[in-house]
Every structure is written in C-alpha cells, then in structure tokens.
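Below, read A as the first sequence line, B as the second, and so on, with proteins coming before strands; counting in each chain starts at 1.
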Protein chains: 2
Amino acid sequence: MDNLYVIKIGGNVIDNSENLHYFLNDFASLKGYKVLVHGGGKIATDLSHTLGVEPKMVEGRRITDIETLRVVTMVYAGLINKNIVAQLQRYQCNAIGLTGADANLIRATKRPVKEIDYGFVGDLSETSVEKNTLSKLLETGLIPVFPAITHDGEGQLLNTNADTIASAIAVALSHLYKVSLVYCFEKKGVLKDVDDEASVISSISSSGFETLKGDGIIAGGMLPKLHNAFQAIKSGVNEVYIGKSDELPLLNDHLFGTRLFA
Amino acid sequence: MDNLYVIKIGGNVIDNSENLHYFLNDFASLKGYKVLVHGGGKIATDLSHTLGVEPKMVEGRRITDIETLRVVTMVYAGLINKNIVAQLQRYQCNAIGLTGADANLIRATKRPVKEIDYGFVGDLSETSVEKNTLSKLLETGLIPVFPAITHDGEGQLLNTNADTIASAIAVALSHLYKVSLVYCFEKKGVLKDVDDEASVISSISSSGFETLKGDGIIAGGMLPKLHNAFQAIKSGVNEVYIGKSDELPLLNDHLFGTRLFA
C-alpha cells in the first residue's frame, strides 16, 4: 500500500498570510499522495459582520442558518479554497479544490433537529466519502483540497466541521492507502504541561492514552481531539499526528508534533 | 470521435432561480460528454454594492480591481458554482466545479496594461487549456462546471470572460472530441428581424454569414458573437449553436436556436 497524508489546517494558519504561505510551500514539498482539508477562519466572520449576518448561537452552540451558509460557501469554497489552490499551483503542486458536492465526493446528512436546530450542518457516516472517485483523482496525480462544505445529494450544500471531514477521508482511504492523518493546531503537539511548549509528548499509544487520561495529564479540550484521533486509528488509519503547521517538514522524519498510534 | 457539448450560460439564466432549475434539469438529461461554463449575473453586482465595492469603469470598460476579484471569486467560484454542482448532483449528473486554477486546467495571462489597465483580467491563448487533464476527468465520468475564474500559474487568480472560456475549452477539446459549442443567451437564436422572435435563422454557414453581414441583416452586438463563433469553427469546433436556455432539449434533434457550421 502507498502512503497517503491527509492534512487539516484551521483558522490559525489561514488567517495569517505569512503562515499560510510557508505552510503551502511545505505542503507542496511533501512527497507522495496527499489531501488538504481547511477550515475557515476570521475572513468568514468578518464578511458576515460586514453583511450584517450576525453569528447565531443557541445554548452556546453555533447555528448555520441559510445566510451563514451563503457566507461560508462564498468564503470557504470560493475565496479561501481557490486562493490556496492557485498558491499550490505556483509551487508546482497540482491541487484541485473540491467541496463534498463536487464529484459527489462527500455526501452528508443534515443534522436532525432535536433540542437544537443546528441549521445547515451536515453529519457524516461511514459511507459518506466516495473513496473510489477520490482515489481516481489521486492516481491522476491531483492533490485534492477540501473546504468544510459538503452536500446532501438532494441539491442542498451543508457546512461540515473540517476535523470531521479530514477524519472521514482518512478512514475511507485507509482501505486503499496507508494513511497518516495530520492535524495542525496552535500548539507544537500534545503537551505534558500545558504551560510549557517544550513539553511535547513525542508519541502516545492507545493504551498510553488511557494512562495519561487516568493520571489527569491529558484533560480539557485535548480529550475529545485525542478521542477522535484514536477512533480514526481504530477504524483503519495508520497513525495520527497533532502539531504546529510551521513544523510540517518534520513529518518526513516522523518527528512532527505528537504521533498517535494503535 | 465521441461527441462533446460545451455549453455556456450567462446571467439571464443564473439570476432567475426557476430558469436555472429547468436549465440544469435539461442539462443533466443531455446525453454524452458535456462541459458547462457559467457567467456571473446580478448576485456579484449586488454583493459588491452591499460591500461598498463600486464597479470601476475606465473609458466605458469594466475594470477588475483586487476588491472586485475577491467578490467574483466568492460569488462565481463559491456561491454560484457550488450551488449549480449540488443541483446537478440532485439530478444524478456527476458534476465537478472547477476554476482554471484547479488541476491547472486554464492558465491565463494578466492582460497587459496599455491605454487601459483592466486589472485582474486573464486573457487566453491556444495553449491555455490543459486538454489532457480535462479529458481524463471527462473519461472518469465527471461533468466539469467552470465559473469565469482562471489563474496565471504564479498564484494569482484572474477573471476571464465566460464566452472566451467556453470557446477555448471547445477548441482545445476539438482535438479529442467532435465538439458542439452552445451559447445560451436571451433570444431564441440569430433573428432575421431583431423585433421578431419568430424569425430565428435555423442555420448559417460561414459563407452565408458573409452574405448576411453584407446585406446588413446581421449587425450590432451579434456581429462579434458570430465572428467569434466562426473563429472557433475555423479552429476545429464542429458546430456552434446560439439560442435560449429553455429550449436546450431541442439540441438532441439539432433544432436548438441557430446552428453555425463551416
């Protein structure tokens, strides 16, 4: 099986044009099959504000109403995605920007209304990703770049969390490739001491995770992140990395951030 | 050689959601290889206005400044393109939305500044379209949908006229397919009498065009349209149709609008 990287970047990379520039250069240099998934960042928030589309919150949860969906479709799938693709082309990386609607690559289900109506948010299942079409594009030498937009197959675009998209793609393609799923976030990795950037834990096994959890070393916002990562590993992903975008070149030597494995 | 349709729609189809709905349903039903190219329409103008980006005109020509480019990238490549793709998917048409930057499919050159600086406008040449990659996507069963956005290969997105994109794609693919280029506009075809919608000329040969021009029957805005169409035919396109989007099903019997041929 060939190696494949599925790399997710978020707002902290996209909002800073210098960070983004360096990241895309490093991403272009990365050898082998790869997929990029990107979140949104402040541009969408700023545009919403300018257009008078105020963020809707219900019980602390963000709601994607029809106006917000219009904004994220414009910003994520249009402005950000196409500028990333154009930059990657500049670095001789044959990128192709794709929402879940394109080539029916990621079909989601509008989240059912229970206590909260989340609006136009799409949830993914095990069969959401069209792995054969995606693999054909990869085999053609193309580098797919996904924004956080999917569709329901009935003509409706939906907003799906970028972490979730990255994980679903990684799991689906793990039947065809040896997949490394890479999450870039604001820290250099999983820290032993949250106040010490030098305390990155280099690798964590699934049993090690249970110990670290039990000892209270991993807590708070890192818990769901790692839980989802180990879920992806259980579902077939070879390994998950969590680290900082500007250290991407270290991936070649498996020294990027924290490596999670079975 | 297999048949291929390259169909261009403009603002008059996109601005009316009912027209667009019917058109996309008809487009989905059209048999064989096909490519859709779409213009912008009022949505971009409206968004520009809301954002305080006023249309820049110099000597009656529209200028694409950096702010306008941002707006058209959001609206054409994001909002309109992805909604068209999602609708086509609903009709079982495996559409894939692609700017010229995606897979480096259409590389343009920023228009040189002479008397007028047109801004971020991209001109095309004979080698602009990556016909081999485009053909691979078609052979995979995908239906490419292009907005009026290209790139320069150096990281810069550019705005390129949708008619020009349709023509360039048609000419490039005429080496691999028997291409019918179809322009949808507000009339049912080329009219003998501009005030009589029933006076559609069913077909015009290149020599017939010279006669109609000499007799003053074809004049004004139709002249450059037809001139460009016959240029495409000279460059290898099999035939060009000009007509109204709601009559698209007539294409199957070659009865759509006016047919132009060598």
Side-chain angles (χ1 to χ4, degrees), chain A residues 21 24 43-44 47 50-53 69-105 107 130 132-133 136-137 139-145 147 149-158, chain B residues 21 24 43-44 47 50-53 69-105 107 130 132-133 136-137 139-145 147 149-158:
Chain A
H21 170 87
L24 294 176
I43 310 172
L47 180 66
T50 309
L51 294 176
V53 179
L69 181 71
R70 271 175 68 97
V71 169
V72 299
T73 303
M74 290 196 285
V75 174
Y76 298 178
L79 193 63
I80 296 175
N81 187 266
K82 297 314 168 191
N83 275 294
I84 286 177
V85 167
Q87 287 297 321
L88 287 173
Q89 287 291 343
R90 176 186 175 192
Y91 301 132
Q92 314 301 323
C93 174
N94 204 1
I96 183 168
L98 299 162
T99 67
D102 296 298
N104 193 27
L105 285 167
R107 193 189 286 234
E130 278 283 344
N132 293 326
T133 307
K136 270 186 201 162
L137 295 175
E139 299 301 330
T140 306
L142 298 171
I143 317 293
V145 179
I149 305 285
T150 59
H151 78 141
D152 69 354
E154 301 295 326
Q156 182 62 57
L157 295 169
L158 295 166
Chain B
H21 169 89
L24 293 176
I43 310 172
L47 180 66
T50 309
L51 295 175
V53 179
L69 182 70
R70 271 175 69 97
V71 170
V72 298
T73 303
M74 289 196 286
V75 175
Y76 298 178
L79 193 63
I80 296 175
N81 188 265
K82 296 316 169 191
N83 274 294
I84 286 177
V85 168
Q87 286 297 322
L88 287 173
Q89 288 291 342
R90 174 186 177 193
Y91 302 132
Q92 315 300 324
C93 173
N94 203 1
I96 182 168
L98 299 162
T99 67
D102 296 298
N104 192 27
L105 285 168
R107 192 188 287 235
E130 279 284 344
N132 294 325
T133 308
K136 269 185 202 162
L137 296 174
E139 299 302 329
T140 305
L142 297 171
I143 316 293
V145 179
I149 305 285
T150 60
H151 77 142
D152 70 353
E154 300 295 326
Q156 182 62 59
L157 295 169
L158 295 167

Picking from [options], which has the most non-hydrogen pairs under 4.5 angstrom with chain B?
| options | result |
| --- | --- |
| A/Arg107, A/Gln156, A/Glu154 | A/Glu154 |
| A/Ala95, A/Ala77, A/Gly153, A/Gly155 | A/Gly155 |
| A/His151, A/Gln92, A/Gln89 | A/Gln89 |

- [ ] State which residues pass side chain to side chain donor-acceptor pair (under 3.5 Å) with A/Glu139; sequence neighbours excluded, sorted by chain then number.
- [x]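 Side chain to side chain donor-acceptor pair (under 3.5 Å) check on A/Glu139 returns A/Tyr33, A/Tyr177.
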- [ ] Apply side chain to side chain donor-acceptor pair (under 3.5 Å) to A/Asn81 and list each qualifying residue two or more places apart in sequence or on a separate chain.
- [x]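 Testing A/Asn81 for side chain to side chain donor-acceptor pair (under 3.5 Å), a comparison that skips the adjacent residues, returns A/His38.
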Open item on the list: Working to the nearest 0.5 angstrom, can you tell me the gap between A/Asp102 CG and B/Ile143 CD1?
Closed with: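 Nearest 0.5 Å value for the CG-CD1 distance: 13.0 Å.
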- [ ] Let me see the working for B/Leu142 and A/Lys136 under side-chain contact (heavy atoms from CB on, under 4.5 Å), right down to the final yes or no.
- [x] CA-CA 11 Å; B/Leu142 297 171; A/Lys136 270 186 201 162; over 6 Å; no
Open item on the list: Taking the side chain as everything from C-beta on, heavy atoms only, tell me whether A/Arg70 gets closer than 4.5 Å to B/Ile43.
Closed with: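 In short, these two side chains touch, coming nearer than 4.5 Å.
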Task: Note, A/Glu130 side chain near B/Asn94 side chain (heavy atom, < 4.5 Å) - done: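 No; the side chains remain at least 4.5 Å from each other.
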Task: Contact leader toward chain A among B/Leu79, B/Val75, B/Leu137, B/Leu69, where contacts are heavy-atom pairs under 4.5 Å - done: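 Top count of heavy-atom pairs under 4.5 Å with chain A: B/Leu79.
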Open item on the list: Between B/Val71, B/Leu47, B/Thr50, B/Leu88, who has the most heavy-atom pairs with chain A when the cutoff is under 4.5 Å?
Closed with: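 Heavy-atom pair counts peak at B/Leu47.
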Open item on the list: To check you understand the geometry: which heavy-atom pair defines the closest contact between B/Leu157 and A/Ala86, and what is its length?
Closed with: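 So the two residues come closest at CD2-CB, 3.8 Å.
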Open item on the list: Using heavy-atom distances under 4.5 Å, tell me whether A/Leu24 contacts chain B through its side chain, its backbone, both, or neither.
Closed with: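 Neither part.
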Open item on the list: With a 4.0 Å cut-off on N to O distance, would you call B/Asp152 and A/Arg90 a salt bridge?
Closed with: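 No, B/Asp152 and A/Arg90 are not salt-bridged.
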